[in-house]
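Reviewing the structure listed below.
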Amino acid sequence: MAPRYDAVVVGAGFGGIGAAIQLDRLGLGDYVVLEREDDLGGTWHVNHYPGLAVDIASVTYSYSFEPNPHWSRLFAPGAELKKYAEHVADKYDLRRRMRFGTEVRGARWDDNEQQWEVSLADGEVLTSRYLLAATGFLSQPYTPPFPGIDTFEGKIIHTTAWEDDFDVTGRKAAIIGTGATAVQLVPELAERAEALTVFQRTPIWVVPKVDAPIPAAVRTLFERVPATQQVARMVNTTMLEALMVIGVLHFKQAKPLNRAAGLLAKAHLRTSVRDKRTRRELTPHYDFGCKRPTFSNAYFRAFNRSNVRLETSSIERITPRGIVTADGTETEIDTLVLATGFNLWDVNFPAIEIIGRDGTDLGKFWRDNRFQAYEGITVPKFPNFLSLNSPYSYSGLSYFTTIEAQMKHMGRLFGELVRRGETTFEVTERANTEFLDRVTDKLGSSVFYGGDCSTARSYYFNQHGEAALLRPNSTVSTYRHAVSFPLDDYRYGATSIPEVPSA
Ligand code: NAP
């Protein structure tokens, strides 16, 4: 039986939108995008806490083929990203393919029919030739199991479930977590709350954010002469690339650059925070880059306010009216903000149950073996499956470099399928192993293994202590691979034909 769809895409964030655009370009137009939320935009739909803004300059954090000359600032506020996602979806006429409020339970490869069966939470089953998971990296919010949290009588709010009409004015609030989200939110809460206690377990590196409104004249120039925005994108992307490739991936060879970034962050801290003890407590004791660095001109300064206090004693339990720390003190609060991030490695890889050939469960495979995916996109035993948010898939600092490289990978792979007149592909074990060996070897030079990351508690590392998230390549080389990977890294045709073992 022919499948109902050419393809099912899970997730209507920027990854899913890019994949959908590419499916249309490849002539696989009969697809559906399934989205558990009630609208598109992924991260930028879910997150709308005060202070939310992109922290990669907007000229780079956007599709290269769909520049937006209307960004109001160098680092656009979150709402503009959501609007941009809507604009792109409308321009490419993707909305009619999207089904919102549709939760995918899991997907199973049917070897007889050479197609995927995708099960939805409401019991419906869809069949499709290809399956693309675009479920994002940071899409499974995490709430730590603090003892007593259920007894808390005040307001609890996770940053991913912000209520826009919630007003912290006059409240005694606490925020748990000091990741990139808290760095944006703390200054906003500090301005309104009567008292704000910031519970920090691990300090974060913060460098100044070179942000400003984009003057109307420049926006007009970007609109009338798009090449000018392309130049701005190239300059900014090159700077980010240097930071990532030289400072993080080639840490061993270029320690001074990494050290310089750390010194810049320390100088920023020294000039921003008056109290010596607070400064000491805000100073990270792991190398710059072990954890995603953040950018802010307001975060450190918030700790100078008389209504803001930094708490570094670890959280023991939560009571009906406060938080008790290991030193025995209780901080009385009426509002608890959880900026505790996301669970990547336990529930996000993969975000849904995926059962491939021979009943292989992707989550179990990754956990029992090593987290792996050829070119960060395909896995042996999972035919006709593209996992867009895979181990070793994230390349560069802007997510859009990853998305666009994966779109190119799709172009080459599906082009070959058409050329051969086939409809099924599967990456070979050999190609997958070689890729894993290559990235493992390259990561040896990175800050993750060459630097001191022991106290970073970084989500770049999985439960086995492997830095299996970022692809250790320049984005240029990721693109090069995407358009030139050896075509015989895949098998084409029905998966019941066994793979010929390599000599
Ligand atoms: P995160 O970086 O994972 O931070 C979570 C915070 O919660 C950490 O400070 C963590 O402390 C703390 N935490 C977790 N469990 C805890 C516990 N049991 N006790 C005490 N503290 C606990 O999450 P995030 O801040 O939401 O940021 C995630 C990522 O989203 C960022 O790295 C970035 O990539 C992205 N992001 C981007 C933007 C942007 O571009 N505008 C904005 C926000 C976020 P430990 O460090 O000790 O674990």
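Atoms within each ligand, like the ligands themselves, are counted from 1 in listed order.
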Note the single closest protein heavy atom to [atom], along with its residue, its atom name and the distance in Å.
atom: atom 8 (C) of ligand 1; answer: T178 N, 3.9 Å
atom: atom 45 (P) of ligand 1; answer: T202 OG1, 3.5 Å
atom: atom 21 (N) of ligand 1; answer: I176 CG2, 3.8 Å
atom: atom 46 (O) of ligand 1; answer: K291 NZ, 2.5 Å
atom: atom 27 (O) of ligand 1; answer: T181 OG1, 3.7 Å
atom: atom 41 (N) of ligand 1; answer: A53 O, 2.1 Å
atom: atom 4 (O) of ligand 1; answer: G179 CA, 3.6 Å
atom: atom 15 (N) of ligand 1; answer: P144 CG, 3.4 Å

Which bit of [X] is near ligand 1, meaning a heavy atom under 4.0 Å away: side chain, backbone, both or neither?
X: V54; answer: backbone
X: S314; answer: neither
X: Y459; answer: side chain
X: Q200; answer: neither
X: Y49; answer: side chain

Let me know which of [options] forms a side-chain hydrogen bond (donor to acceptor under 3.5 Å, both in side chains) with [X].
X: H45; options: E35, E86, K82, E37; result: K82
X: T60; options: T238, T401, N236; result: N236
X: T335; options: R171, E194, K155; result: R171

- Item | Enumerated ligand 1 atoms positioned under 4.0 Å from heavy atoms of L138 | 29 (C), 30 (O), 34 (O), 35 (C)
- Message: Under a 4.0 angstrom heavy-atom cut-off, which atoms of ligand 1 come close to F146?
- Response: 17 (C), 18 (N), 19 (N)
Return the orientation label for the [X] and [Y] ring planes: parallel under 30°, perpendicular over 60°, tilted otherwise.
X: Y63; Y: F14; result: perpendicular
X: F303; Y: Y299; result: perpendicular
X: H268; Y: F300; result: tilted

Below the 3.5 angstrom mark, is there an N/O of [X], backbone or side chain, next to an N/O of ligand 1?
X: Q184; result: yes
X: Y142; result: no
X: D55; result: yes
X: A180; result: yes

- Listed by chain and number, what are the side-chain hydrogen bond (donor to acceptor under 3.5 Å, both in side chains) partners of T151, not counting sequence neighbours? none
- Proximity of Y459 and F342 rings by center, below 6.0 Å: no
- Query: Is the F222-W71 ring centre distance short of 6.0 angstrom?
  - Reply: no
- Would you say the side chains of S72 and R219 form a donor-acceptor pair under 3.5 Å?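 Judged by distance alone, the side chains do not pair up.
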- Query: Is there a protein heavy atom at a distance of less than 4.0 Å from atom 10 (C) of ligand 1?
  - Reply: no
- Message: Among residues at least two apart in sequence or on other chains, which ones pass salt bridge (Lys or Arg N to Asp or Glu O under 4.0 Å) with R279?
- Response: none
- Is R317 close to F146 at the side-chain level, that is, under 4.5 Å between some pair of heavy atoms?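 Contact flag for F146/R317 side chains = no.
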- Hey, does F199 have a side-chain heavy atom less than 4.5 Å from the side chain of I175?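 Not touching, per the 4.5 Å side-chain cut-off.
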- Query: Which of the listed options, G177, A456, P145, G78, holds the heavy atom that is closest to atom 12 (C) of ligand 1?
  - Reply: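 Nearest heavy atom to atom 12 (C) of ligand 1 lies in G177.
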- Counting heavy atoms only, name the option from P293, A339, G341 that's nearest to atom 6 (C) of ligand 1.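 Result: the heavy atom closest to atom 6 (C) of ligand 1 is in A339.
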- Would you please test F400 and Y61 for ring-ring contact (aromatic ring centres under 6.0 Å, His included) and show each step? CA-CA 6 Å; F400 284 85; Y61 193 88; 4.8 Å; yes
- Does at least one non-hydrogen atom of F199 fall below 4.0 angstrom from an atom of ligand 1? no
